[in-house]
2 protein chains.
Amino acid sequence: MSVTIEDIAKEARVSVATVSRVINNSKAVSPELKKRVNDVIEKRNFKPNSLARGLIMKRTNIIGIIVPDISNPVFGALTRGINSFCQQKGYTLMVCESGGHQEKEVELLGVLADKKVDGVLFAGVDVNSALVEEMKSMRYPIVLVTQEASNGEEVIHTVIHDNVKALYDAVSFLIENGHQRIALIGGPENDYSSGQKRLKGYKQALEEQKIEVLDSYIEHGDFSFESGYECMRKIYEENSVLPTAVMVCNDAMAIGAIRFLKTSKVSVPADISIMGFDDLEFGRYFSPELTTVRISYFDEGLRAIKTLFKLIQEQSVPMTQFIPHKIIRRISVKKI
Amino acid sequence: MSVTIEDIAKEARVSVATVSRVINNSKAVSPELKKRVNDVIEKRNFKPNSLARGLIMKRTNIIGIIVPDISNPVFGALTRGINSFCQQKGYTLMVCESGGHQEKEVELLGVLADKKVDGVLFAGVDVNSALVEEMKSMRYPIVLVTQEASNGEEVIHTVIHDNVKALYDAVSFLIENGHQRIALIGGPENDYSSGQKRLKGYKQALEEQKIEVLDSYIEHGDFSFESGYECMRKIYEENSVLPTAVMVCNDAMAIGAIRFLKTSKVSVPADISIMGFDDLEFGRYFSPELTTVRISYFDEGLRAIKTLFKLIQEQSVPMTQFIPHKIIRRISVKKI
DNA sequence: TTGTAAGCGTTATCAC
DNA sequence: GTGATAACGCTTACAA
């Protein structure tokens, strides 16, 4: 078996309480004993059992995170941001994947409760009332990241980029560049923050400029390359008057859309401009280089975990925090 | 506080032992009591404390994984494969990032020991003797995935794709397509499996066909887009006779290399063919569509976690297992 | 300052 | 079949 605090106590000829005090610096211990204990600890390479410790302290130094899919670069970057802070603070990260299914999300919330995590970061698709209730019933703090609750109530702390504003800015940018016929390839309709909110920003920008919003210019994909291709095809085939620009709600779909246009001998950006969202690394190496909206998911994760730590320490934090976005001008959008 | 086994016992008017038996199905309990206990458990929504359980059972149902960078799609896919199996088996995954630094890797091995994980999956860069020793000293089973130990000893179980053979096959494919002047953009020289082994496969294929291996045709990148660009630039500038094909050791660098060639008005594949490695999704949407070597990292992760489970259950498994690779023919390689 | 002993919430070993 | 009770390895009153 592993070496225990008792072994250390015996070998250092002190009580287990003293060893514990030395480990935790919890109470004064005479320098002499302290050294004796530390020497033995070093020598035997003793590490306190974190289960026993967690059992009594009700703190495990484990943070849970729930994401739809860890192989998605967006959630990868998010997780990396989170992990960077956790490691520095001596915490470890338990990663759970929900596939974006609400049932699974609820289940995972329970799994993490079982594991006695100190807090949870939650990235989902649609945080509706049922899910919010579920979250409120958990006895660990939760921070929503990447999306807000869809019931309009601000009861769970949230770190997010402003999707409405981001799309508004992006579409306004297209308008400033002379575009009037602007189509949208958006996210799933049931995706509150990345679907509905972005759609809202798109409409806002158009309406503000008195540009008509055309249903035939709006398609909903699922953020995959394939769906970008498919949505672009529909817009292309179902409109006799083509848009001069397409706002695509993530880079992967933007690449898919461009792929379709290339196949159809439509030149980007000469004939149609394409704007993406996220600013994944490959967009810079794509041809044409992708104009996009940069979201730093690393920073978003970082802010979220910092917020969670404050919550764990029972400090007060604003209910909602926004991460800035930035228009990245490259080649795929042309001024007309 | 949370409801405990004792609360359940009281409410069901039985002993804690009986409740425990019901929970674990460990010993026969009369149907009558069983029902009474289960009803109370249901009603109070009781979940046994996994820390207390872990403390006594010496099993936590937690698996650790150490990867260089979780935002790298390769490790993302790997992790997803692992997680898919873990979830199904009621295990959770603790994800640690090493940045590929050996010191950090050793530290994380210790962190996971602290957390009493039941086993660890390790994806690193150079698993040398020191690291192997460290691993052997851990009291949980470890499976190397994505790379083998670099000291030649097969003492840690390993799940990997055959890098030598994969490169051999890829370069042979180029040769079959008429290429003789084949350059290589490889991985870091200190990366045993993905660097040295792939280089070896490249050389083997050339030598077998009596094609001279030219130093000026070999560059080492770090698997990033940028380094692919940079390596391609060097090859382009430092050779008066250009290669007709470049074997690039991952897709990201391949895209970077193509980017450089485009910038230099060299057409791919008309002037130079480019072959990638990994088969990340975007390669299919890139233009020209990327010819590459497909590795299913999802499957690799899956096989690795299955192996680890066998080890945990003390079943015997082969020391090294190979995951198949496959040449994916697309546009970026031309027959000449 | 130090030690003794009572938990923390389980499982497992005994008796009955 | 069922129930006390002793672990598991630690922290923390409470005493000394």
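Naming convention: chains lettered A, B, ... in sequence-line order (proteins, then strands); numbering from 1 in each chain.
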- Message: In whole Å, I'd like the distance from the CG atom of A:Asn61 to the P atom of D:dC10.
- Response: 15 Å
- Query: Between B:Ala17 and B:Ala52, which has a closest nucleotide on DNA chain C that is more 5'?
  - Reply: B:Ala52
- Query: Mapping B:Arg21 and B:Phe46 to their closest nucleotides on DNA chain C, which lands nearer the 5' end?
  - Reply: B:Phe46
- Task: Nearest whole angstrom, please: distance from the C1' of C:dC8 to the CE of A:Met57.
- Result: 12 Å
- Item | Length of the line joining B:Ile56:CD1 and C:dT10:C1', which is rounded to integer Å | 6 Å
- Item | Residues B:Ser150 and B:Asp126: side-chain donor-acceptor under 3.5 angstrom | yes
- Message: What contact category does A:Leu51 fall into here, base, sugar-phosphate, or nothing, at under 4.0 angstrom with non-hydrogen atoms?
- Response: nothing
- Message: D:dG9, OP1 or OP2 - any side-chain N/O from B:Lys58 closer than 4.0 Å?
- Response: yes
- Item | Sidechain-backbone polar pair: B:Arg80 side chain, A:Asp69 backbone, donor-acceptor under 3.5 Å | no
- Among C:dT1, D:dG9, C:dT11, find the nucleotide with the atom closest to the side chain of A:Leu55. D:dG9
- Task: Mark yes or no for whether B:Lys115, through its side chain, and A:Thr60, through its backbone, hold a donor-acceptor pair below 3.5 Å.
- Result: yes
- Contact under 4.0 Å: B:Asn49 side-chain N or O vs C:dC8 OP1/OP2: no
- Query: Would you say C:dG3 has OP1 or OP2 under 4.0 Å from some side-chain N or O of A:Thr18?
  - Reply: yes
- Query: Does atom CD of A:Gln313 have more than 12 heavy-atom neighbours, drawn from other residues, nucleotides or ligands, at distances under 6.0 Å?
  - Reply: yes
- Message: Tell me whether A:Thr79 contacts the main-chain N or O of A:Phe75 through its side chain, where contact means a donor paired with an acceptor under 3.5 Å.
- Response: yes
- 5′-ward residue of the pair A:Pro48/A:Lys27 relative to DNA chain D: A:Pro48
- With respect to the side chain of A:Val29, which nucleotide from C:dT2, D:dT11, D:dT2 is positioned closest? C:dT2
- Query: Which of the following nucleotides, D:dT11, D:dA4, C:dT2, is nearest to the side chain of A:Ile5?
  - Reply: D:dT11
- Query: Would you say a side-chain N or O of A:Ser20 is under 4.0 Å from OP1 or OP2 of D:dT11?
  - Reply: yes
- Message: If you compare every side-chain N and O of B:Thr4 against the phosphate oxygens of C:dC8 (OP1, OP2), does one of them come in below 4.0 Å?
- Response: no
